[in-house]
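Working notes, structure below.
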Number of protein chains: 2
Amino acid sequence: MGEGAGDCGRGRVTLQDVAAHAGVSRSTVSLVLRESPLVAAETRERVTRSMAALGYVYNRGAATMRGGRTRTIGLLVCEITNPFFAELTAGVDQVMDAAGCATFLANTGESADKQDRVLQRMREHGVDGVILCPAAGTPASLVGRMRDWGLPCVQALRHLSARDGDYAGSDYRLGMELVTEHLVRLGHERIALVGGTLNHSAWADRRAGFAAALKRHGLRADIVLRIPLTRRAGMEAAAALLARSERPTAAIAFNDIVAIGLMLGLSDRGVQPGRDFAVAGFDDVPEAAMARPALTTVATQPFQIGGEAASLLLRRIADPHGAPERVIVPTRLIIRESCGAVPRRERGRAPRSA
Amino acid sequence: MGEGAGDCGRGRVTLQDVAAHAGVSRSTVSLVLRESPLVAAETRERVTRSMAALGYVYNRGAATMRGGRTRTIGLLVCEITNPFFAELTAGVDQVMDAAGCATFLANTGESADKQDRVLQRMREHGVDGVILCPAAGTPASLVGRMRDWGLPCVQALRHLSARDGDYAGSDYRLGMELVTEHLVRLGHERIALVGGTLNHSAWADRRAGFAAALKRHGLRADIVLRIPLTRRAGMEAAAALLARSERPTAAIAFNDIVAIGLMLGLSDRGVQPGRDFAVAGFDDVPEAAMARPALTTVATQPFQIGGEAASLLLRRIADPHGAPERVIVPTRLIIRESCGAVPRRERGRAPRSA
DNA sequence: CGCGCATTTTGGATCGATCCAACAATCGCG
DNA sequence: CGCGATTGTTGGATCGATCCAAAATGCGCG
């Protein structure tokens, strides 16, 4: 069917074909495509009809060659199966879709090697910019290297250097101070921090907030466990916590997943979280409200962070030489049941959260 | 630094520049790039060094124009924040990364409109193919339309027509028969099915399996609830289940998230899942093994499905006119505690699963 | 009518890599 | 030495859209 250009499908309709069909020149069709006010209404109408009739598809690759942008960005996350990164991704997608940009996704799996490889590939594809959740072990020099490449980059959730480059994330430090203060107010003096095995800013910030809050009250921040960030590892960490000589009465986990595992491990050992032991999480994933007891945690709004990171990247692409920005999405302490009763015995049972 | 081509960064190094630096022609550099055996070892060496010295980046867009593939594919998922789709995405990423392809991700949010828009955009970017988890309400004609476009497409998890086009997914029907049989064997006669609000093949298949298994035993499949696929809706569905005149003794949920919500709702109402009421899930997300009681469910291995979908798409791109394939990843019934005791009273407490 | 001016339209050059046919260099061998 | 085969290398044309300077068109007005 149609102009009989090729044999069987790969005969793509070009702007030239549309021009011939509408009886105008390539240039005019190009102007119509880009909604230039220069073309007469009647001509525009005719060309538009020809495009529809031939089933024309814009070839963005060809357009790019003549010096333009690709309207394409890259998103590198550490672990897409982590709901936290999945939410971030959804936020990025929403903003980028609205801006008419397509997003390359790559799951680095915390491997700096894969991250390098993927970044290289995205460069070859000519992405206009990148949103990067740096894998643990990424050298801080990467930011400078990307600047040399002329590739706009927004770091998200984690950053390689405290002052360098664009960044969107939460104030983990403040969030951690909030929960820690909360536990101290409830009377806890021996509070454990249960973190991941990897070193990156999201961990350093949490740890700093934890230490700062305890220090303010003359308490020591010396109970720190480092375990894989899985439900199961959290469950197993309960034993380690209970076995300590000076047994802690509360624990704050790096994230909700670990906190929920921790609660399970505690109750499996006859220690009821929220009554015999306080547990707090971080992130406020949907699961947290549904846990039993419902989990006290710090909301970090990853979807919003994703949206902010995307908007910031679009701004940076439009103005590559602008001053670096750091967008901090506020955290909120969400008080539920899991830190409820300790150390005073509570009256009956804690109220259900809505 | 370097050749001083442009003013401040956008002066990209081209193949021509490399050629000049190495004292050969464009064509030779191009051959080196594509690892042709035609180039002399000494020349190859020299060119390689020049590329490194100038910081050359391959421009895949330009290469594409001359008729080649983009080495780019599109992945359209319904809801990336659903762990099931996130796992699928990770599986796709793994295979595509290994094949040197970049993946455009789009989150359609079950909107056929957004799906159309995104598909169009991906066509403009010249993707070599698409992995599509069709949004609910997608017209079955889409498969044919994509064929007309000459755009290879693998449907994943859901399909628009039972026989048309390439597909990778689980055998939901068989999986559902397995759980249903399991519950019947345990003595249940009034079993509820708790599904989502949307109509698509993943629901139709489950429902068919449920009905078939019950019919084999002369039981009626008439208790079917349709609720949003969230933990909270599952929790609220417990009330509806318990309120029915002929109260069911067991329920199978569309997925684990709903099942876990259901269990919470039941125990909040004093009905202990696994003892007073049997609950089964679907998918086997990590959370299922950690729930209390641990959830009996059907493992569907979304990561593997993603990998299979990606491999199939690569095959289809290599051979666009090959016969359609349907890859079915087997399901497994995972028996844990949540269907334990009913209807006979059980001795003591169910054993903990490892 | 011819000129200036505003409005539309146009063809050639261009982006950066690939394809292809042709060419240069080297070698074996009768 | 001449010829064909083999091995390396090359320049011109090409992909499809955009940029730009220039041309065509229409219109008002002295």
Side-chain angles (χ1 to χ4, degrees), chain A residues 3 5-6 10-48 50-51 54-72 121 123-126 128, chain B residues 3 5-6 10-48 50-51 54-72 121 123-128 150:
Chain A
E3 302 291 286
R10 269 297 144 196
R12 204 164 166 168
V13 178
T14 85
L15 189 145
Q16 183 75 269
D17 302 331
V18 175
H21 186 271
V24 294
S25 74
R26 275 174 303 123
S27 306
T28 304
V29 180
S30 178
L31 290 171
V32 171
L33 272 177
R34 284 170 296 143
E35 306 189 323
S36 160
L38 287 177
V39 300
E42 193 267 339
T43 311
R44 179 194 317 281
E45 179 67 20
R46 194 148 38 90
V47 169
T48 307
S50 292
M51 293 201 296
L54 298 179
Y56 172 72
V57 178
Y58 185 63
N59 183 335
R60 209 168 284 272
T64 298
M65 276 204 58
R66 199 60 179 69
R69 307 245 93 110
T70 56
R71 302 193 73 69
T72 275
R121 180 138 68 223
R123 247 171 25 115
E124 294 184 354
H125 281 292
D128 295 336
Chain B
E3 302 291 284
R10 270 298 144 197
R12 204 165 168 168
V13 178
T14 86
L15 187 143
Q16 183 75 268
D17 302 331
V18 176
H21 187 271
V24 294
S25 74
R26 274 176 304 123
S27 307
T28 304
V29 180
S30 178
L31 290 171
V32 170
L33 272 177
R34 284 171 294 143
E35 306 190 324
S36 159
L38 288 176
V39 217
E42 193 266 342
T43 311
R44 182 194 316 281
E45 179 66 18
R46 193 148 38 92
V47 170
T48 308
S50 292
M51 293 200 298
L54 297 179
Y56 171 72
V57 178
Y58 185 63
N59 182 336
R60 210 168 281 274
T64 298
M65 277 203 58
R66 200 57 181 72
R69 307 245 94 110
T70 55
R71 301 195 71 70
T72 276
R121 183 139 66 222
R123 249 176 17 120
E124 295 184 354
H125 282 291
V127 293
D128 295 336

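Below, chain A is the first sequence line, B the second, and so on; all start at residue 1. FYI, side chains are in, hydrogens and waters are out, and symmetry mates aren't considered; it's all heavy atoms of this structure.
- Checking the phosphate oxygens (OP1, OP2) of D/dT9, no side-chain nitrogen or oxygen of B/Ser27 falls inside 4.0 Å.
- Atom pair A/Met51:CE and D/dA17:C1' shows a separation of 13 Å (rounding to whole Å applied).
- Between A/Thr72 and A/His125, the closest side-chain pair of non-hydrogen atoms is not below 4.5 Å.
- When rounded to the nearest whole Å, the span between CZ of B/Arg12 and P of C/dG16 equals 8 Å.
- If you take CZ of A/Arg66 and P of C/dT14, they are 9 Å apart, rounded to a whole angstrom.
- Proximity of a side-chain donor or acceptor of B/Arg46 to a complementary backbone N or O of B/Ala22 within less than 3.5 Å is detected.
- In this structure, the OH atom of A/Tyr58 is 15 Å from the C1' atom of D/dC15, given to the nearest Å.
- The distance from atom CE of B/Met65 to atom P of C/dG16 is 12 Å, rounded to the nearest whole Å.
- Side-chain nitrogen and oxygen atoms of B/Ser25 include at least one within less than 4.0 Å of the OP1 or OP2 phosphate oxygen of D/dT10.
- Atom pair B/Arg60:CZ and D/dC15:P shows a separation of 22 Å (rounding to whole Å applied).
- B/Thr43 has a side-chain polar atom (N or O) that falls below the 4.0 Å cut-off from OP1 or OP2 of D/dT9.
- Side-chain contact between A/Met51 and A/Leu33 is present, with heavy atoms from C-beta onward closer than 4.5 Å.
- For the pair B/Gly61 and B/Arg34, both in contact range of DNA chain C, the more 5′-proximal nearest nucleotide belongs to B/Gly61.
- When distances are taken from the side chain of A/Val24 to each of C/dT10, D/dA17, D/dT9, the shortest belongs to C/dT10.
- Across D/dG11, C/dC15, C/dT8, the shortest atom-to-atom separation from the side chain of B/Arg26 is found for D/dG11.
- When the nucleotides C/dA17, D/dA17, D/dT9 are ranked by their closest atom to the side chain of B/Val39, D/dT9 comes out on top.
- Note on B/Thr28: a side-chain N or O is less than 4.0 Å away from OP1 or OP2 of D/dT10.
- Nearer the 5' end of DNA chain D, as judged by each residue's closest nucleotide, is the contact made by B/Arg44, out of B/Ala62 and B/Arg44.
- Of the possible donor and acceptor atoms, one in the side chain of B/Arg44 sits under 3.5 Å from a partner among the backbone N and O of B/Ser36.
- Between D/dT9, C/dA17, D/dT18, one nucleotide has an atom nearer to the side chain of B/Leu15 than all others, and that is C/dA17.
- Using a 4.0 Å heavy-atom distance criterion, A/Val29 is classed as making no nucleic acid contact.
- Looking at A/Val32 and A/Thr48, their side chains come closer than 4.5 Å, going by heavy atoms from C-beta outward.
- Atoms CG (A/Leu31) and P (D/dT18) sit 9 Å apart, rounded to a whole Å.
- The CD-C1' distance, from A/Gln16 to C/dT10, rounds to 12 Å in whole Å.
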